[in-house]
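Take a look at the structure set out below.
If you read the sequence from its start, that first residue is 1, and numbering goes on from there.
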Amino acid sequence: MIALPEVRGKLMRDEPLGPFTWFRVGGNADVLFIPADADDLAEFLKALDPSTPVTVLGVGSNVIVRDGGVEGVVVRLAGRPFAGITTEGDTITAGAGALDSMVARASAKAGLGGLEFYAGIPGTIGGALTMNAGCYGAETKDILVSARGLTRAGERVDYSLADFGYTYRHSEAPADIIWIEATFRGTPDEPEAVAARIAEITARREQTQPIREKTGGSTFKNPPGHSSWKLVDEAGWRGKLFTAPDGKGGGGAMFSELHANFMINPGEATAADIEGLGDAVRADLLAKTGVQLDWEIKRIGRPG
């Protein structure tokens, strides 16, 4: 059993993670930790056995938790201490647990343009920093000034935009940093104009993505010169039910009829169904077209 330091937040052993994910699948965390604040998290990391794995889980919008659960400690940055948003001049500072959409709305209220695209990303600022999240022609790298985080040893680190080495959906920052806060720069604009652009993005997303389903973010990155959804659609996978073999499958998973780069859990899918569907499509597309599809959704944990 994992030896756990004293904390001010919540520590839960063998805690189900499925309810924390958009797909509503997956096993249990050996330990789930919801820190009271950044200082609580830092002290916990310093005292925790260095050999114990630590995984960060945001709002679970872009992750498959495998059926066997997650080894070690899963950290969720939940609540007000990690979701604060403040503005000063042309900058916005947000906690890593703040929803991207709330940061977009705060930018409109402050009369700052450039962050509208965050209204189309169903995640948190921590996840956006980790993967250079973007949509509709804009990315995190376009607006980020700096970020603050904690190493696995609980030491605070500060990163400037250049330190991230951002490329398409990729960061060169160490994977074990837990981001706690970021500062972005917007462009002064009329609040009504910014709000109108956010409303347009929100409406477009509602019309083209299965946001009312048990789903995740975009499944695959777009390969150079291709759109993933077109490749998936042309290969005949849109709306095709897939169930994992070897008795690991549940009710099956499929690519949405609405958007062929979004997987959905139409009923009682397992994580094996969902990840298996993605892998089956990747293998099929590689065989048929020679195009390699790379996962954008993160997969964590042990197979069932």
Side-chain angles (χ1 to χ4, degrees), residues 21-22 53-66 70 75 77 94 96-101 103-104 114-152 157-185 209 215-232 259 261-263 274-275 278-279 281-283 285-286 290-301:
T21 74
W22 281 34
V54 174
T55 303
V56 180
L57 181 66
V59 289
S61 60
N62 196 43
V63 64
I64 299 169
V65 175
R66 294 186 175 111
V70 181
V75 175
L77 305 184
L99 293 174
D100 300 330
S101 60
V103 175
L115 287 81
E116 296 93 338
F117 72 97
Y118 269 164
I121 301 175
T124 60
I125 291 301
L129 291 172
T130 298
M131 65 177 292
N132 187 24
C135 63
Y136 304 131
E139 298 177 299
T140 297
K141 71 177 181 60
D142 300 328
I143 54 172
L144 181 66
V145 176
S146 60
R148 283 132 319 266
L150 297 169
T151 68
R152 172 60 182 80
V157 291
D158 292 285
Y159 268 58
S160 67
L161 170 60
D163 294 328
F164 280 89
Y166 277 140
T167 52
Y168 174 62
R169 302 295 178 269
H170 178 75
S171 165
E172 291 293 334
D176 65 349
I177 293 178
I178 300 177
W179 302 108
I180 56 176
E181 188 179 70
T183 298
F184 306 95
R185 177 165 284 113
Q209 297 177 14
T215 186
S218 296
T219 302
F220 304 120
K221 301 175 185 178
N222 287 322
H226 297 277
S227 292
S228 291
W229 76 265
K230 286 185 178 180
L231 292 169
V232 174
H259 193 309
N261 197 29
F262 280 69
M263 293 189 292
I274 297 170
E275 185 173 11
D279 283 336
V281 171
R282 294 178 72 233
L285 263 294
L286 185 61
V291 177
Q292 176 72 59
L293 290 178
D294 291 328
W295 284 96
E296 185 167 322
I297 286 180
K298 189 175 182 182
R299 289 93 56 226
I300 62 174

Min side-chain heavy-atom separation Y159-L129 under 4.5 Å: no
Check: P223 and L293 side chains under 4.5 Å, non-hydrogen atoms: yes
Derivation and outcome, side chain to side chain contact (heavy atoms under 4.5 Å, CB included), residues F220 and R282: CA-CA 9 Å; F220 304 120; R282 294 178 72 233; 3.4 Å; yes
Residue pair L144 / A182: nearest heavy atoms and the distance that separates them: CD1-CB, 4.1 Å
Donor-acceptor contact present, side-chain N261 to main-chain S218, <3.5 Å: no
Test item: S146 side-chain N/O and T183 main-chain N/O as donor-acceptor pair under 3.5 Å: no
Value rounded to 0.5 Å, distance of CE in M131 from CD1 in I121: 8.0 Å
R152 (side chain) donor-acceptor with P53 (main chain) under 3.5 angstrom: no
Over 12 non-hydrogen atoms of neighbours within 6.0 angstrom of NZ in K221: yes
Expected output: side-chain S61 to main-chain P122 donor-acceptor under 3.5 Å: yes
Donor-acceptor contact present, side-chain R299 to main-chain I297, <3.5 Å: yes
Nearest non-hydrogen partners of V103 and A94, listed with the distance: CG2-CB, 3.8 Å
Atom of G58, atom of T124 and distance for their closest heavy-atom approach: CA-OG1, 4.4 Å
Residue pair V291 / L285, side-chain heavy-atom distance below 4.5 Å: no
Nearest heavy-atom neighbours spanning E296 and N62: O-ND2, 3.4 Å
Test item: N222 side-chain N/O and S227 main-chain N/O as donor-acceptor pair under 3.5 Å: no
Worked verdict on L57 versus V70 for side chain to side chain contact (heavy atoms under 4.5 Å, CB included): CA-CA 11 Å; L57 181 66; V70 181; over 6 Å; no
Heavy-atom check, side chain of I125 versus side chain of F184, under 4.5 Å: yes
Rounded distance (nearest 0.5 Å) linking atom CD1 of I274 with atom OG1 of T21: 7.5 Å
Test item: Y118 and I143 side chains (from C-beta on) under 4.5 Å apart, heavy atoms: yes
Working for side chain to side chain contact (heavy atoms under 4.5 Å, CB included), residues T130 and W179: CA-CA 8 Å; T130 298; W179 302 108; 3.7 Å; yes
Where D100 and A128 come nearest, the two heavy atoms and their spacing: OD1-CB, 4.0 Å
Non-hydrogen side-chain atoms of T215 and Q209 separated by less than 4.5 Å: no
Close side-chain approach of T219 and V281, heavy atoms under 4.5 Å: no
Stepwise side chain to side chain contact (heavy atoms under 4.5 Å, CB included) test for F164 and K141: CA-CA 9 Å; F164 280 89; K141 71 177 181 60; over 6 Å; no
Where S171 and Y166 come nearest, the two heavy atoms and their spacing: CB-CE2, 3.6 Å
